[in-house]
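Just so you know, residue 1 is the first one in the sequence shown, and it goes up from there. When reading the values below, keep in mind they use all heavy atoms of this one structure, side chains included, and skip hydrogens, waters and symmetry mates. Order of appearance sets the numbers: ligands from 1, and atoms from 1 within every ligand.
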Amino acid sequence: MGDLITIERHIIEQQYNYPHATGELTKLLHDVSFAAKLIWRQVTRAGLVDILGSADEINVQGEEVKKLDLFANEQFIKAIGHHGRFAVMASEENEDIIFPPKNKYGNYVLLFDPLDGSSNIDANVSVGTIFSIFKRKSTSEEATLEDCLQAGIHQIAAGYVIYGSSAMLVFTTGNGVHGYTLDPTIGEFLLSHPNIKTPKQGKIYSLNEGNYRYLDDGVKKYIKYLQMDDKETHRPYSGRYIGSCVADFHRNLLYGGIFLYPRSKKAPEGKLRLMYEANPLAFICEQAGGRASDGKNRIMEIPPKKLHQRTPLFIGSEDDVKIAEEFEQGLRDIELDEELCPPNH
Ligand code: P6P
């Protein structure tokens, strides 16, 4: 059996690599991984325990909240902050910021989406938890909303847990991306994917093509471009879309490719949230050598104005995202009705 390297041991062994690791970071990540284990326990029992189905509530996003959403949100809030390290938290499920116990002593800020992709829960499709950690900026006794509205470049850590065939925690603190797989027999996340690097170019594209008619011409042309036959550039790409951004992102991170949730006539700002999905995934993607933008601007430099602000998202392999941006910005063009197999190619 290979060396069993837990998250804690991995961080301590690389202490000099972790700019914020005064031991605090290890404890912050311990809390997050503890909350993730509680969620994993319920997610894996979802088919057995009466937590399926709707909680008949609508969250701040105007989306129907499944019972497991509520449970995950409660677990995260309860499991975090008894040490007083987090001064303030914000959840994708809650309208306003949340003050954990003993928050007045906290130096850190936690933003999280407790269970993303929850519309897939009843179909046993992979769902995920996404989180972002910032350092507190305010000096007032109580932390403020502004502490939560920091641009993605100020994240000191970000990660996600994907609840799939196994539970895997993937995170970065700005020194590479590492993946830890939960060993349920010992209840520990063990290092399984050290220093993840995403391919510079992939062969997969992920978006909801049901929205095709509502998309900008630039994105329509990009999709058409990907569907053309050109061996040199690995086209046509394969379309893969799960409808759970953690699962779609994770697959593309490992295999290469691009995930897009662009703006459309149905979602003029895009659908995904800047603070709870785009920023943490962008930090991980860039640390793995990939690229993340809204089609033009680097995601991590977008100045947040609202806690639940949405953004278009182009994220994945660097070369794929760059080409998608060129189509989105009209720097590349093809005729929309161009043959998929042009005679002269
Ligand atoms: P659509 C899940 O609800 C989510 O927020 C993301 O995880 C996912 O990528 C997206 O919405 C799917 O949205 O419109 O394709 O169903």
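- For the pair D116 and ligand 1, the shortest N or O to N or O distance falls below 3.5 Å.
- Of the polar atoms of Y261, at least one N or O is found under 3.5 Å from an N or O of ligand 1, judged by distance alone.
- Cation-pi check for R291 over F314 is not met; the charged atom does not lie both under 6.0 angstrom from the ring centroid and within 45 degrees of its normal.
- The contact set between ligand 1 and C245, taken as ligand atoms under 4.0 Å from a residue heavy atom, comprises 6 (C), 7 (O), 8 (C), 9 (O).
- Residues forming a side-chain contact (heavy atoms from CB on, under 4.5 Å) with D319 (at least two apart in sequence, or on another chain): K200, Q201.
- Heavy atoms of L272 come nearer than 4.0 angstrom to ligand 1 in at least one pair.
- Counting atoms of ligand 1 from 1 in the listed order, those under 4.0 Å from a heavy atom of N208 are 1 (P), 14 (O), 15 (O).
- Which parts of ligand 1 touch R273 is read off a 4.0 Å heavy-atom cut-off, strictly below it: atoms 5 (O).
- Counting heavy atoms closer than 4.0 Å to ligand 1, residue K266 contributes nothing at all.
- Atoms of ligand 1 found under 4.0 Å from any heavy atom of F259 (numbered from 1 in listed order, with element): 9 (O).
- The 12-atom threshold is exceeded at OH of Y241, counting heavy atoms of other residues, nucleotides or ligands nearer than 6.0 Å.
- Other cluster members for I153: F283, M300, joined by side-chain heavy-atom distances under 4.5 Å among Ile, Leu, Val, Met, Phe, Trp and Tyr.
- When each atom of ligand 1 is checked for a heavy atom of Y241 under 4.0 Å away, the hits are 1 (P), 12 (C), 13 (O), 15 (O).
- Ring geometry, F112 versus F76: the interplanar angle falls under 30°, so the pair is classed parallel (tilted spans 30 to 60°).
- Summarising the contacts of atom 10 (C) of ligand 1 with E277, E92, E209, K271, the nearest heavy atom is found in K271.
- The environment of CG in N297 is crowded: more than 12 heavy-atom neighbours from other residues, nucleotides or ligands sit within 6.0 Å.
- In this structure a side-chain-to-backbone donor-acceptor pair under 3.5 Å is present from D147 to T144.
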